[in-house]
Amino acid sequence: MLQGLTGWHFLIILAVILLLFGAAKLPALAKSMGQSARVFKGEMKAMKDDDTSKADATPAGTASSVEAPSAEVRTDAGGTAESKP
């Protein structure tokens with residue numbers, strides 16, 4: 001019965017159903033989608049601005065590099081760690 005229907009047929013049927021039963025809700029749906037897109041765009045811009053301000057505030061090389069302690073540590077026969085003077 002549905003063997004001859006393709007993706008285009010289902011798309012047309014969906015469009016007809018949407019026009020018949022959902023035409024009153026289409027403007028509200030479009031408005032909410034537009035507001036969501038606007039909020040998303042604003043948040044992405046804020047995140048980008050925040051990243052650039054963090055990069056400008058930290059000196060070069062200190063944010064990503066971590067130095068190891070300068071004291072050498074050895075393990076003696078008892079299994080405890082001591083620092084060399």
Side-chain angles (χ1 to χ4, degrees):
M1 182 172 154
L2 297 176
Q3 296 170 355
L5 296 178
T6 63
W8 286 107
H9 292 110
F10 287 115
L11 186 64
I12 292 170
I13 292 170
L14 180 65
V16 169
I17 291 172
L18 185 63
L19 288 174
L20 290 176
F21 300 116
K25 296 189 183 212
L26 285 176
L29 178 66
K31 181 180 177 183
S32 67
M33 286 180 61
Q35 287 175 343
S36 298
R38 215 173 300 125
V39 167
F40 182 74
K41 184 179 177 182
E43 290 295 323
M44 291 299 291
K45 184 177 180 183
M47 286 176 57
K48 187 176 180 182
D49 292 343
D50 189 35
D51 287 344
T52 57
S53 67
K54 283 183 183 178
D56 292 341
T58 58
T62 59
S64 63
S65 64
V66 177
E67 295 183 19
S70 61
E72 293 182 25
V73 178
R74 67 177 181 87
T75 306
D76 63 346
T80 60
E82 293 181 12
S83 296
K84 284 186 177 179

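Since the model is a prediction, treat every value here as computed from it, not as a measurement.
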(message) List the residues meeting side-chain contact (heavy atoms from CB on, under 4.5 Å) with D50, not counting sequence neighbours, and say none if there are none.
(response) S53, K54

(message) Holding to side-chain contact (heavy atoms from CB on, under 4.5 Å), I want the full list of residues that pass it with E43, two or more places apart in sequence or in another chain.
(response) V39

(request) Find the distance between OG1 (T6) and CD1 (I12) and round it off to the nearest 0.5 Å. (result) 8.0 Å

All N/O donor-acceptor pairs, side-chain side in residues 26-35, below 3.5 Å, sequence neighbours left out:
{"residue": "S32", "atom": "OG", "partner": "A28", "partner atom": "O", "Å": "3.4"}
{"residue": "S32", "atom": "OG", "partner": "L29", "partner atom": "O", "Å": "2.9"}

